[in-house]
Every structure is written in C-alpha cells, then in structure tokens.
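Notes follow once the structure below has been shown.
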2 protein chains.
Amino acid sequence: MSEAELPALADRLAVSVDLAVFSVRAHDLQVLLARRGAAPFRGRWALPGGFVRPPETLDDAARRRLPEVTDVPGAYLEQLYTFGAPRRDPRGRVISVAYFALLAGAAPPRGTEDAEVRWHSVNNLPELAFDHAEILRYALRRLRYKLEYTAVGFELLPNEFTLTELQTAYEIVLGEKLDKRNFRRRILEADILAETPRYRESEGQGRPARLYRYKRNAVMEVKARRLFPWGVKEASDERQRHDSPE
Amino acid sequence: MSEAELPALADRLAVSVDLAVFSVRAHDLQVLLARRGAAPFRGRWALPGGFVRPPETLDDAARRRLPEVTDVPGAYLEQLYTFGAPRRDPRGRVISVAYFALLAGAAPPRGTEDAEVRWHSVNNLPELAFDHAEILRYALRRLRYKLEYTAVGFELLPNEFTLTELQTAYEIVLGEKLDKRNFRRRILEADILAETPRYRESEGQGRPARLYRYKRNAVMEVKARRLFPWGVKEASDERQRHDSPE
DNA sequence: CGACTTCGTGTAGCGTTGACACCAACCGGA
DNA sequence: TCCGGTTGGTGTCAACGCTACACGAAGTCG
C-alpha cells in the first residue's frame, strides 16, 4: 500500500462474491447451484454470487445473496478464500471472494427471474461454470476440516434436533460412520448443547428421542494443543494449493 | 455471478495485497513495516503492499512485493483473508487481500525510494495506517495456530539449523517455553528433517550441535483427527470475526 | 585440568481415545 | 395385551499418546 493514488479506473477490478451453500437433505450433502441465464457459460450451473457494490462490506455482499436463492432464517457464513487468476472469467478480470454457508436442511431453493436454482448432491455434480469446480472442491475440504475440529454441525440442522440427527449430519458430511457412544460423550462433554424438555415423537416407531438445542453464546475454541501431535506424510499426489486453514 | 455484464468501470474496485512478513530476529518475533511516504497516513507505518495489476495473479502480486522490501531467497507465502470494509481506505473503496510470509531471520530490510522499511517487534508496534493493526492481529493469530499444528517453523530459519535454534524459534513465536526432549522427539518422529554431517561449532562454548535441514518434498499433513477431541470454552471476550482457518 | 556451557538421550505415570453390547421406550399388528 | 420390531440411551476397559523430568557427553576457556 505504498502508492499515493488509487489506480486509474481502467486498472480497477471487478470483484464478486461466490457462495458455496451447503445443506444436508435427503440423507445427502448438497450444495445450492444456479443455472446461468446469460453468457458466458449460459445454461451451465454455477455457484450463486454476484458483484460487490461499492458501498457494501464483503460479508454483506455475500449475505445479500442468500435470500435470493433460498428462504432461511439465520445461516452460518464464513469467508473462505479469494480466487484471482487473471483469466478465470472470460469477460475480463474478475476476482472472486468465496464464502461458504451452512443451512438447515429444510430450506427450499428459490428461483430468481431467469435463474433456476437447485440443490445438487456433492457426489453427483454437473460441470460448473468458471473455476467454480475448484472453489467448490476447496469449500468442501474446508467444511470437512471445520466439522472435525469445531462444532458447527448444528448449523446444518433446525433449531431443535436429536443427538442422532446431529450424528447423522456429521456422518453424511464426513462420509464415515461414527460410534454412537463416543459421539454423544464428546458432544455432551463439550457443553455446547442444552436439553429441551421436549421429545421428537413423530414419524413412526422407536423410542422418542430427546431434543436438544445449541447453546447460544457457547463458542467453540480449539483447546491449545501443544505443537503438532499429528502426523506427516510425504507430499501427496493432491496437487492443490490452498492449504491455508487446515 | 449471475449478472451478464461486468460492472461499469465506475463500479469496479481497487484491489490491493498487503503482506505481513514475519521473521525471528534478535530473539524476538518481528514484522516488516514500511513508513508511508504519501497521504493518506503519511509518515505512519504500514504493512508493505500495493495494488493488484490487471494481468497478474494475486499470489504474484504478493510475491512481487517481497524483493521490494527485503532480500530473500525463497519465502513461505500464504493467502490469509480479504478485508473489504467500505471505508477502510479514505481515498475510496479498496479491498485488500492479506498475505503472510515467513522469512529466515537473516534478511535485512531494504528501503525503497521514498519508503523507509524496518523490522518491528510485534510486542512493541507503532500505530499503523488503515486497518493494518487489525490485519496484523489476524495474521499473528494465524501464524501461531499454523505453527502449532503444522511444521512451517523452518521457514523462519536459514537452510541449516540446529534443533535448539528451531525450538527457540517456536518458543519465540508461541511465547511459551517448550520441553526439549518432547520437542525433539516430535520433530524427529515427524520425519521432515534430515541430518547433515555438519555441526555448528561457532560462537563460544558448549558442545557443538548437529545441523539439520528441512527435507524437501516432505509435506505436513494433519493426520485425520476424529471429531473434536478438544475443548470448548464460553464465548471469550475476544470480539473478533475471522475464525476461519483454525 | 577443572569449571562452565550446551548437546543429546529414556522412562514412567496419567489422561484420552476407541472399541464394544445391552436394556429402555415406543409402535403396530396379531 | 402381548410380542416382534425399531430407535434411544448408557459405562467400562485396554491401548495409546502426551507430559514431566535428570544426567552424562562433548566441547571451551582460563
């Protein structure tokens, strides 16, 4: 930031936000995609997003997109990474600040005037416009990491939920079965859930399950872990940059 | 990304990269700052950085700054977060993609024509221009996290180093003493260091220490950790967003 | 050669993790 | 109402991993 003057208009860049909106629906991890109604990539599916307007925050720009594609009370939103390859958009230089969002599974997609919006299974994705496949791969990786060392899983569920529903959501996202007793021990010891007096009695047989809700104002914090008590592997084939967070 | 057309020139944004360049020098964690030679914030210290030019990658824009402020062979560089509050720059709307870099302690600062560049202790910082204090706080947090669960510590040292030097670097960054035997066990089990046949004999008394170097092509990878075997604390006073990476 | 400094090494106790099986509550149909 | 079917909810024990901790080795200096 040493230049005295802002760059000339011609040297300014278009800045967009793109959202990877995840939800667990139909026992599957899904992401919200919008079909492009105009060139370039007309007809292709893409992450919902749009250009940042001069007076708004990046977070605001991202949050503003949400009601355009789905009905949702509160959603978890987090900035992910900024993608800025010079030719990622054929129209010209556009840098994209990627966000990911977590929604309770109930949210139905909401089409816009000329843009069809639909949930897609992350296991069965169409070809995506721009570099959105890369963005989505990255978002997915981050989502899994995040779920492993933080407890944002609630954001994928309605306000009240059973422990089994929570565990199932984790299993779906992580793609791996978890031990019931250990899962419950951990999540309860973490002291971020509050029992409600209510039970889920609905749908069919079986013993009714206690409903829990997420304790507001409980914030996950990674307990200071001494150095890296983990592992190291040889350089994997995975040829990706973006190894930030983890 | 549903609009068909790019925004008008007037609605484009200036995009800058700002770098938090860290190094361990004089038994202290330091960051490279440049004194601003022009308004706004003339005379204030700021993170080195500059505007992104249309044909270059964000990473390139960041890497291009490095030789302007210091001599360095290879430096570790990683994108951090993108800051986009509308009024963070009094000249107009500028969004800043923040990077952090790690340098071997030897690197001397290198002034530019009208910009003095100096190392500053992170424990004794001057007032910074723009929102750079916030960016730096964030970068520092990420650096500490990163060091705890990844083994980038080498990047703060010259090619060959002793285990004690490495441990000292970790202690300085983390601000906490570490157990010698445990540190060595961990770092060696990780199998990312290679012994050299050489010893550090210089400076003064004591038994000479074996020199090690960082194994190229050894990539840290967080061993898949089951769920969050960690802790949770009440919402801390720390009123910050940006809880991404961890 | 003795005092001083830094290097380099092993173990035992403890806490945490992961694996594992059964009774409880409710439903529906016979 | 009883019985089979389904889902909910609970405790222990063994293996492992982390932490804490002290002393002989190798060299320097006077």
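Naming convention: chains lettered A, B, ... in sequence-line order (proteins, then strands); numbering from 1 in each chain. Keep in mind it's a predicted model, so treat the numbers as computed, not measured.
- Atom OH in A:Tyr199 sits about 8 Å away from atom P in C:dC26, given to the nearest Å.
- In this structure, CG of B:Asp179 is placed 14 Å from P of C:dT9, rounded to the nearest angstrom.
- On a pure distance criterion of 3.5 Å, no polar donor-acceptor pair joins the side chain of B:Arg210 and the base of C:dC7.
- Only one option out of B:Glu195, B:Glu160, B:Arg198 pairs with B:Arg210 in a side-chain contact (heavy atoms from CB on, under 4.5 Å); it is B:Glu195.
- Here the P atom of nucleotide D:dT10 and the CD1 atom of A:Ile187 are 15 Å apart, to the nearest Å.
- Both A:Arg185 and B:Leu163 lie close to DNA chain C; mapped to their nearest nucleotides by heavy-atom distance, the more 5′-ward contact belongs to B:Leu163.
- Summary of the strand contacts: B:Thr162 and B:Arg181 both lie near DNA chain C, and taking for each the nucleotide with the nearest heavy atom, the more 5' one is attributed to B:Thr162.
- Screening B:Leu32, B:Leu103, B:Val122 for a side-chain contact (heavy atoms from CB on, under 4.5 Å) involving B:Phe22 leaves a single residue, B:Val122.
- Along DNA chain D, the nucleotide closest to B:Glu189 and the one closest to B:Lys180 are compared, and the more 5′ of them pairs with B:Glu189.
- The backbone N or O of A:Asn182 sits less than 3.5 Å from a side-chain atom of A:Asp179, completing a donor-acceptor pair.
- Taking 3.5 Å as the limit, the base of D:dG8 and the side chain of A:Arg200 contain no donor-acceptor pair of atoms between them.
- For the pair A:Arg198 CZ and D:dG8 P, the interatomic distance rounds to 17 Å; values are reported in whole Å.
- Between the B:Gln167 side chain and the B:Leu178 main chain, a donor and an acceptor come within less than 3.5 Å of each other.
- Using a 4.0 Å cut-off between charged side-chain N and carboxylate O, B:Glu171 and B:Lys177 make a salt bridge.
- Atom-to-atom, CG of B:Leu188 to P of C:dT9 comes out at 8 Å; the value is rounded to the nearest Å.
- Looking only at distances, no side-chain donor or acceptor of A:Thr57 sits under 3.5 Å from a matching main-chain atom of A:Asp59.
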All N/O contacts under 3.5 Å from nucleotides 26-29 of chain D to the protein, with atom names and distances to one decimal?
residue: D:dA26; atom: O4'; partner: B:Arg207; partner atom: NE; Å: 3.4

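- The separation between B:Leu211 atom CG and C:dC7 atom P is 11 Å, rounded to whole Å.
- B:Arg141 and B:Tyr145 form no side-chain donor-acceptor contact under 3.5 Å, judged by distance and modelled atom types alone.
- The separation between B:Arg186 atom CZ and D:dG17 atom C1' is 9 Å, rounded to whole Å.
- For B:Glu176 and D:dT19, the CD to C1' distance is 13 Å, given to the nearest whole Å.
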